[in-house]
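Before any comments, here is the structure.
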Amino acid sequence: MATATPAEPASPVPDPGTDGLALAVKPPALQRHAVLLKQLRGFCVVAVICTATSMLMYAGLRPLAGTQWANAISLILCSVLNTDLNRRISFGVHERRLWLVDQRRGLWIMLLALAMTSGSLWVLGLVNPHASIKLELAVIVLGNVASAVARFLLLRYWIFRRLRAGHAKY
């Protein structure tokens, strides 16, 4: 009587776009994390672009408008850019549908960053009334970094939650 030997387990199929260690079929948990990592990478790219743009605007407006107005104007203008770039780069939304809705919600999120940076500038003005523009810019950047976590979470779970529900192509 011949006994059948058990078949060897199938070896993982390497993903051609990697170093050969990844499986062709990824478990759902890994797929969710892959999407999150892609969104975070995009968010970081957008953050660098918008922070640099905002700082240039602030530095240009500050002599004319003062610290608080320069901060508010630069944040408001960069909020539109930020929301649009995050739609495209971080969350993969390229259609114009719901653009205005997303922008309106993005402005609400900007109020959080405005409160944090304005509050930081106000405290800096109390502590060091003759602070240099470099110190002001550093305080604004720190305020933006502090609000970035809340911004990402609000973008992901409030503005672009429709993507997880499958209402838009991702």
Side-chain angles (χ1 to χ4, degrees), residues 31-170:
Q31 288 174 352
R32 277 194 307 272
H33 292 299
V35 169
L36 177 61
L37 290 174
K38 179 182 176 198
Q39 290 172 348
L40 284 170
R41 272 193 308 270
F43 184 81
C44 289
V45 168
V46 170
V48 168
I49 292 168
C50 290
T51 299
T53 303
S54 179
M55 295 300 96
L56 288 172
M57 284 180 171
Y58 176 84
L61 290 169
R62 182 185 170 269
L64 303 170
T67 57
Q68 294 294 348
W69 280 107
N71 180 49
I73 292 167
S74 65
L75 276 176
I76 290 167
L77 293 176
C78 282
S79 177
V80 174
L81 175 66
N82 184 290
T83 301
D84 193 56
L85 289 177
N86 272 310
R87 285 178 101 241
R88 295 168 189 262
I89 296 170
S90 304
F91 297 97
V93 178
H94 298 283
E95 60 196 20
R96 299 299 290 171
R97 192 175 70 80
L98 299 177
W99 184 87
L100 194 56
V101 171
D102 294 342
Q103 286 295 334
R104 190 176 62 238
R105 291 176 177 172
L107 287 172
W108 282 109
I109 294 173
M110 180 274 314
L111 290 176
L112 175 65
L114 181 61
M116 293 182 85
T117 56
S118 294
S120 300
L121 285 171
W122 178 73
V123 170
L124 177 64
L126 292 176
V127 174
N128 185 354
H130 304 290
S132 69
I133 191 166
K134 288 180 183 178
L135 185 55
E136 290 172 358
L137 289 170
V139 165
I140 291 171
V141 168
L142 290 174
N144 280 330
V145 168
S147 67
V149 172
R151 176 183 287 276
F152 178 76
L153 292 172
L154 287 168
L155 285 169
R156 181 172 164 85
Y157 294 106
W158 179 40
I159 294 181
F160 299 112
R161 70 177 178 256
R162 67 183 180 266
L163 299 176
R164 288 191 327 280
H167 296 293
K169 278 187 170 180
Y170 184 75

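Small disclaimer: the values here were computed from a predicted structure and weren't measured.
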Asn144: side chain to side chain donor-acceptor pair (under 3.5 Å) partners, not counting sequence neighbours: none
Residue pair Asn86 / Gln39, side-chain heavy-atom distance below 4.5 Å: no
Value rounded to 0.5 Å, distance of NZ in Lys38 from CG in Leu36: 12.5 Å
Rounded distance [0.5 Å steps], OG1 in Thr67 versus CG in Leu61: 12.0 Å
Nearest-0.5 Å distance, CG of residue Asp102 to CZ of residue Arg97: 9.5 Å
Between CG on residue Asn82 and OG on residue Ser90, distance to nearest 0.5 Å: 8.0 Å
Separation between CG of Asn71 and OG of Ser118, rounded to the nearest 0.5 Å: 4.5 Å
Residues in side chain to side chain contact (heavy atoms under 4.5 Å, CB included) contact with Ile133, at least two apart in sequence or another chain: Tyr58, Ala59, Arg62, Glu136, Leu137
Residues which pass side chain to side chain donor-acceptor pair (under 3.5 Å) with Arg88, listed by chain and number, not counting sequence neighbours: Asp84
Contacts of type side chain to side chain donor-acceptor pair (under 3.5 Å), residue Ser120, not counting sequence neighbours: none
Test side chain to side chain contact (heavy atoms under 4.5 Å, CB included) applied to Met110 - qualifying residues, sequence neighbours left out: Leu75, Ile76, Ser79, Leu107, Leu114, Arg151
Distance (rounded to the nearest 0.5 Å) between Leu77 CG and Ser54 OG: 9.0 Å
Parallel, tilted or perpendicular, as decided by the 30° and 60° cut-offs, for the rings of Phe43 and Phe152: perpendicular
Set of salt bridge (charged side-chain N to carboxylate O under 4.0 Å, His left out) partners for Arg41, sequence neighbours left out: none
Of all pairs that satisfy salt bridge (Lys or Arg N to Asp or Glu O under 4.0 Å), the ones with a partner from residues 69-81, not counting sequence neighbours: none
Side chains of Trp69 and Leu64 in contact at under 4.5 Å (non-hydrogen atoms): no
Set of residues satisfying side chain to side chain contact (heavy atoms under 4.5 Å, CB included) with respect to Leu85, sequence neighbours excluded: Val46, Ile49, Cys50, Leu81, Ile89
Set of residues satisfying side chain to side chain contact (heavy atoms under 4.5 Å, CB included) with respect to Val149, sequence neighbours excluded: Leu153
Shortest non-hydrogen separation from Glu95 to Arg87 and the atoms involved: O-NH1, 3.1 Å
Identify every side-chain donor-acceptor pair in residues 122-130 under 3.5 Å, counting partners at least two apart or on other chains, and give the distances.
| residue | atom | partner | partner atom | Å |
| --- | --- | --- | --- | --- |
| Asn128 | OD1 | His130 | N | 3.4 |
| Asn128 | OD1 | Ala131 | N | 3.4 |

Flag, side chain of Thr83 to backbone of Val80, donor-acceptor distance under 3.5 Å: no
Pi-cation contact, Trp108 with Arg105 (under 6.0 Å, within 45°): no
Taking every non-hydrogen atom, the tightest pair across Cys78 and Met57: SG-SD, 3.9 Å
Side chain to side chain contact (heavy atoms under 4.5 Å, CB included) evaluation trace for Val93 with Trp99: CA-CA 9 Å; Val93 178; Trp99 184 87; over 6 Å; no
Those residues that, when tested against Gln103, pass side chain to side chain donor-acceptor pair (under 3.5 Å) (two or more places apart): none
Within residues 112-124 or reaching into it, pairs that qualify as salt bridge (Lys or Arg N to Asp or Glu O under 4.0 Å) - sequence neighbours excluded: none
